[in-house]
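Scroll down for the structure; my scribbles are underneath it.
Quick note on labels: first sequence line is chain A, next is B, and so on, each numbered from 1.
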Amino acid sequence: MLILKCPYCGVMADETELSPGGEAHLTRHGPGSDDTEFEAYLFMRENPRGVHFERWRHAHGCGKWFHAARCTQTLEVFGTYSAQTTRPPQDLLDTISEKRPGWRWRDLA
Amino acid sequence: MSDALLPLGGAAFEGIVTIRETGPQGMIQLRGDLSDPGLAAAVEQASGAAMPAPLGAHVTGPRGLLWMSPDELMVLVPYADAARTVAELGRALGDRHALVADVSDARAHFTVEGAHLRDVLAKLTPADMRREALAPGTLRRTRLAQVAAGLWLRDPLTAQVFCFRSVAGYMFDLLSAAASEGSEVFHHRA
Ligand SMILES: [Zn+2]
């Protein structure tokens, strides 16, 4: 069972109170982009065994979108953070580096 | 104005707890900047309750304030006062960026009363129903089985549950089933 702390209302929300929003920090490539960029935006997703960054919505609670960092292998949750950012907070990245030395995810490490 | 009809006509069920449909309850949805002192003053004036902290439910009788999200409150007033309160709030908020909507007729309300109320609700919701997690005065938005609901404790033996009116029948059947005779769990203390 996955339990995430909603950074907006502070509730410890069980997975069934949340809606999954897919991979975090995608760059939207729209009109004017080339085919490769547009394909990457639409279809290319990380599917890691280990550290992963995702979007979730507290659908049955306060209704807010937020971000979560977790391990897909162990379900350990490293932390949750605001939706109003394009990059995870540094202290969260430091926490992950402590727990999973040498981790990589897209251009984060 | 015509008489308000409760979704289930005031249905009640007696089991290991008592389920009772309550209302009509005036309920006004307010979205805006909750950190704005002018907005806080307006809702405190309208409800007679103090501005709640996050996840707070300040309710006395039919009046109160429920903290729904970082930018949303429910203002509880007597049903007959709802329309007037919406107008007053609109005036008090002036040209602030805010939304005030009377949702009184769009919600159904139930009380769950009795020593087993935490066990009964815990059968239906993933929310933490321990006393330390949900004390009187705390609002929890969650789901009960398949539908969204909000709940708070009026006192240690009385929970107030509200949901969309369109699922009132489902909610009543759900709560009644969870409260059926002989289904005690004896896990949570009241
Ligand atoms: Zn939340």
Do [X] and [Y] belong together in a cluster built from hydrophobic side chains that touch within less than 4.5 Å?
X	Y	answer
B/Val75	B/Leu66	no
A/Trp56	A/Val77	yes
B/Leu55	B/Phe162	no

Item to check | Pairwise side-chain contact, B/Trp67 with A/Cys9, heavy-atom cut-off 4.5 Å (strictly under) | outcome: yes
Checklist entry - Under a 4.5 Å cut-off applied to non-hydrogen side-chain atoms, are B/Pro70 and A/Lys64 in contact? => result yes
Quick check: are there more than 12 heavy atoms from other residues, nucleotides or ligands sitting under 6.0 Å from [atom1] of [X]?
X	atom1	result
B/Phe164	CZ	no
A/Lys5	NZ	no
B/Gln45	CD	no

Checklist entry - Which atoms of B/Ala133 come close to chain A, meaning under 4.5 Å heavy atom to heavy atom: side chain ones, backbone ones, both, or neither? => result neither
Checklist entry - What part of A/Met1 is in contact with chain B, defined as an atom under 4.5 angstrom from a non-hydrogen atom: side chain, backbone, both or neither? => result neither
Item to check | A/Asp14 CG to B/Thr142 OG1 distance, which is reported to the nearest 0.5 Å | outcome: 8.0 Å
Item to check | B/Leu139 CG to A/Cys62 SG distance, which is reported to the nearest 0.5 Å | outcome: 11.5 Å
Checklist entry - So, for B/Arg143 and A/Thr16, which heavy atoms are closest and what is the spacing to 0.1 Å? => result NH2-OG1, 2.7 Å
Next on the checklist: I'd like to know whether B/Arg140 forms a salt bridge (Lys or Arg N to Asp or Glu O under 4.0 Å) with A/Glu17, so could you lay out the CA-CA distance, the side-chain angles of the two residues, the decisive distance to 0.1 Å, and finally the verdict.
Outcome noted: CA-CA 12 Å; B/Arg140 186 65 154 83; A/Glu17 261 185 36; 3.0 Å; yes
